[in-house]
Amino acid sequence: MDNKNRPDYLQSLNDMQYEAAIHTEGPMLILAGAGSGKTSTMTRRIAYMIREKGIAPYNILAVTFTNKAAQEMRERVEQLVGGSTRMWLLTFHSTCLRILRVNAEKAGYHDGLTVYDPVDQKAVIRKCIKAANVNEKIFTPKMVLARISDAKEKGVNSAEFAMNAASPREKTIADLYRRYERELLSNNAVDFDDMIWRVVKMFEEYPEVLEQYRQRFQYIMVDEYQDTNYMQYRFVKALAGKSRNICVVGDDDQCIYEWRGADISNILSFEKDFPGARVIKLEQNYRSTGNILKAAHSVISHNRQRKAKKLWTAAEEGSRITYKRLQSEKEEAAWIADCIDRYVMEEGRQYQNFAILYRTNAQSRSFEEVLLTRGIPYVIRGTLRFYDRKEIKDMIAYMRLVANPDDNVAFTRVINEPKRSIGPKTLDKISILAEQQGTSMLRLLTDEEIVGGFTAKASEALRGFVRLIAECRAGMEDLSVSDIYDRLFEGSGYLAMLERERTTEAEGRLENLMEFKSAIADRESENPEMTLTEFLENLSLDAEVDQGSPESDDKVVLMTLHGAKGLEFPVVFMPGMEDGLFPGWRSLDTEEGISEERRLCYVGITRAEQKLYMTSATTRTLYGRTEYTKESQFLEELDSSLLDELSDEPGKSSYPTRKDGYAPEVRYSDSHRPFDPIRAQADVIKKKSRDIQRKNTKAAGQYAAGMRVRHKKFGEGMILEVSDNVVKVAFDRAGIKKLAAGIAPLEVIS
DNA sequence: TTTGTATGTATTTTT
DNA sequence: TACATACAAA
């Protein structure tokens with residue numbers, strides 16, 4: 001194809017990529033193989049729409065699955081179009097949550113809508129299981145939630161579920177589903193499935209709302225289409241139904257989340273859903289050497305039901321895949337460590353060139369042990385997320401309670417954290433009473449009569465707790481998020497609790513909470529007007545936070561095969577190529593199960609740029625049991641002419657080991673540090689919090705009902721009521737607001 | 001209400 | 001093996 005007439009930013013595309021980029025009208029399916037330049041193509045397509053076709057960014061919706069992908073795409077688009085764009089380039093969940101917030105009332109919710117993560121969901125369903133008084137051995141939270149999620153993905157509500165329930169077991173699940181649904185609604189909360197589903201439902205119930213968004217989003221793009229579930233498909237189809245300007249990008253061979261609801265048939269039947277769809281295959285790979293691609297192809301071609309395609313490369317053949325069977329998982333790890341050492345010593349490679357990709361997280365241990373003793377730097381990516389830590393979740397729960405007083409899960413989480421002598425018994429009472437009165441647990445406790453009904457100790461604690469939350473809620477308009485955080489952290493006694501403990505664990509928690517504070521400050525400096533609600537929303541949708549400093553550090557990367565999707569490394573190790581481990585034993589009995597594992601294997605192989613190693617162990621200790629293993633069937637499926645199997649060389653170790661001493665990282669315990677930054681920060685927080693409190697208690701006296709006041713943001717109004725340091729003002733224009741007496745910039749006029 | 005001890009269970013997890 | 005949860009005792 002003649003490149004001459006292309007705009008400069010399209011010059012670098014190959015013919016297929018170019019065609020995809022300039023095809024803007026009507027449905028299109030881009031089958032983008034691994035490493036085929038998918039993101040380049042997509043971002044250039046958007047740039048082309050904006051720059052050449054004059055399409056307003058306002059009219060474009062681009063949906064991804066991860067925040068990371070969305071962020072990366074946005075950056076690259078902005079580079080291409082020069083300057084920032086206010087286009088909707090978001091994850092499915094952010095997209096739907098935005099729509100849901102704007103139309104909260106129509107969807108049955110109200111202001112302060114909270115997002116429940118899996119831990120919150122579990123808390124809710126456990127409560128439901130208890131309340132329903134059913135066999136907890138059979139109806140485990142995990143199983144029930146899986147069924148509910150499944151139903152929501154299919155758009156089946158609890159009433160419909162109940163109608164389809166034939167067996168007693170199904171009827172029980174229907175009942176639990178009903179309770180769960182009701183609980184979330186009364187808590188003004190949505191789970192991840194709800195975000196998509198409620199929007200789709202609202203589109204059905206309010207065609208004018210759908211029409212409005214159809215008008216807006218004339219052009220729609222969907223990334224990773226093979227991973228969409230049925231409800232996401234419905235969402236996309238509804239929005240694109242009229243304009244039909246929909247471009248989906250994906251690779252059916254990389255669908256590895258079927259177990260989570262991803263429906264591979266969405267991509268397989270796209271041409272049926274959108275007749276006349278243009279199909280473009282991106283098959284040129286820019287990542288791997290020839291042998292790696294051939295190996296990947298030999299494995300994946302054992303799958304039936306796939307779109308015919310074959311990656312090719314202009315690069316050289318490269319070396320073959322090396323396979324080695326070791327004695328145990330310990331030797332397996334040692335062998336891989338040797339390999340890395342050798343590369344580093346002989347070729348001067350950097351550690352970050354290597355990735356160890358395993359099937360299960362449990363496998364990481366043997367690698368950690370070996371790498372640690374050898375002094376090889378490494379990072380484990382994607383395990384416990386920062387925001388999943390207990391102390392972080394606790395503080396988030398406090399903040400959530402301020403933003404949404406209906407959030408019973410948040411209430412239950414922190415009412416006795418730190419210990420306030422509110423045990424399960426008291427909690428039960430509160431819960432039942434709240435339900436009877438049709439209110440939330442926190443709101444119930446604003447009733448002095450009810451609070452007084454508990455023991456002196458408990459009622460005192462409850463009063464303090466409620467006052468703190470109310471004070472922060474009243475301050476929401478005028479305090480920054482970090483101010484609120486400081487006030488909650490100190491005022492709740494959480495800070496004091498951690499300081500009292502004096503264990504290394506408590507120190508670590510304190511450190512994490514300080515880091516959390518700086519994360520808040522970071523976001524605040526980017527967006528000084530950030531509200532608490534906004535902050536919480538971003539948190540719940542963005543699990544990925546700067547995990548130390550991953551990219552820049554020169555470290556071997558350890559992660560699961562699932563986590564590796566979308567990434568690439570010069571040298572990749574795939575340990576644990578054993579039947580029952582990979583493919584996993586739970587997938588063995590179905591064809592679809594094996595197929596998905598095979599796709600996972602394909603994903604793993606195609607992560608490698610230059611060299612791929614596979615290993616297995618004849619005996620493996622898992623869950624404290626040592627067992628003999630059989631080699632993975634994927635090894636047999638892999639074209640043997642591409643595989644070099646290394647045998648044992650008796651008497652000598654096949655690879656040199658690192659002898660030179662490696663100085664372990666020296667860390668001084670906190671008590672030996674001349675200056676303790678954590679303690680210093682804690683003092684700042686304490687001061688800030690007490691400052692807020694002091695201002696508040698002092699200030700209430702100067703206001704009285706009936707006074708006219710002026711507020712910086714809300715203008716003039718009249719005080720309706722003053723109680724507990726909270727001033728209730730009816731503003732002439734902004735409506736009724738509750739404000740913190742000492743914080744709000746109120747000026748008495750008369 | 002808190003604490004210690006027994007018991008059962010165990011892929012993968014973008015949001 | 002290792003962790004979370006359930007239950008009993010103080």
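All values below were derived from every heavy atom in this structure, side-chain atoms included, with hydrogens, water molecules and symmetry-related copies excluded.
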Contact nearer the 5' end of DNA chain B, comparing A:L600 with A:S421: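 First, find each residue's nearest nucleotide; the 5'-ward one identifies A:S421.
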Plane angle bin for A:Y257 and A:H562 - parallel if under 30°, tilted between 30 and 60°, otherwise perpendicular: tilted
Aromatic ring pairing A:Y213/A:F217, orientation class (parallel under 30°, perpendicular over 60°, tilted between):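 Rings of A:Y213 and A:F217: parallel, as their planes differ by under 30°.
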Students often get this wrong, so: under 4.0 angstrom with heavy atoms, is [X] touching a base, only sugar-phosphate, or nothing?
X	value
A:G423	sugar-phosphate
A:D227	base
A:E597	base
A:R126	sugar-phosphate
A:K142	nothing
A:R365	sugar-phosphate

Nearest to the side chain of [X], which nucleotide is it out of [options]?
X	options	result
A:S587	B:dT15, B:dT11, B:dT1	B:dT11
A:R586	B:dT15, B:dT13, B:dT11	B:dT11
A:T426	B:dT1, B:dT15, B:dT13	B:dT1
A:R359	B:dT3, B:dT12, B:dT13	B:dT12
A:T66	B:dT12, B:dT14, B:dT2	B:dT14

Residue from A:V134, A:N135, A:V124 passing side chain to side chain contact (heavy atoms under 4.5 Å, CB included) with A:I129: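 Among A:V134, A:N135, A:V124, the one that satisfies the side chain to side chain contact (heavy atoms under 4.5 Å, CB included) with A:I129 is A:V134.
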Under 3.5 Å on both distances, the Watson-Crick or G-U partner of B:dT11: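 Paired with no nucleotide.
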Distance flag, aromatic centroids of A:F573 and A:F367, threshold under 6.0 Å: no
No-H, no-angle donor-acceptor pair, A:R260 side chain to B:dT11 base, under 3.5 Å: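 Answer is no: no donor-acceptor pair is held.
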Without decimals, in angstroms, what is the distance between [X] [atom1] and [N] [atom2]?
X	N	atom1	atom2	result
A:F92	B:dT15	CZ	P	13 Å
A:W585	B:dT12	CH2	C1'	13 Å
A:L539	B:dT15	CG	P	13 Å
A:Q232	B:dT14	CD	P	14 Å
A:L100	B:dT15	CG	P	19 Å
A:E417	B:dT1	CD	P	15 Å
A:Q363	B:dA10	CD	P	18 Å
A:E258	B:dT14	CD	C1'	16 Å

Examine [N]: is either OP1 or OP2 under 4.0 Å from a nitrogen or oxygen in the side chain of [X]? Give yes or no.
X	N	value
A:N361	B:dT12	yes
A:Y623	B:dT11	yes
A:N67	B:dT14	no

Note, A:F270 side chain near A:L31 side chain (heavy atom, < 4.5 Å): no
Heavy atoms of other groups near A:E534 CD, more than 12 under 6.0 Å: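 Above 12, so yes.
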A:K390 NZ: over 12 foreign heavy atoms closer than 6.0 Å: yes
Span of DNA chain C in contact with chain A (heavy atoms, under 4.0 Å):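 Contact span on the strand: C:dT1 to C:dA6.
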Nearest atoms (heavy-atom pairs only) where A:I356 meets A:P575: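 Minimum heavy-atom contact is CG2-CG, 3.8 Å.
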Worked check of salt bridge (charged side-chain N to carboxylate O under 4.0 Å, His left out) between A:K38 and A:D223: CA-CA 9 Å; A:K38 176 190 75 170; A:D223 189 19; 3.1 Å; yes
Anti/syn call for B:dT11, syn if |chi| within 90°: syn
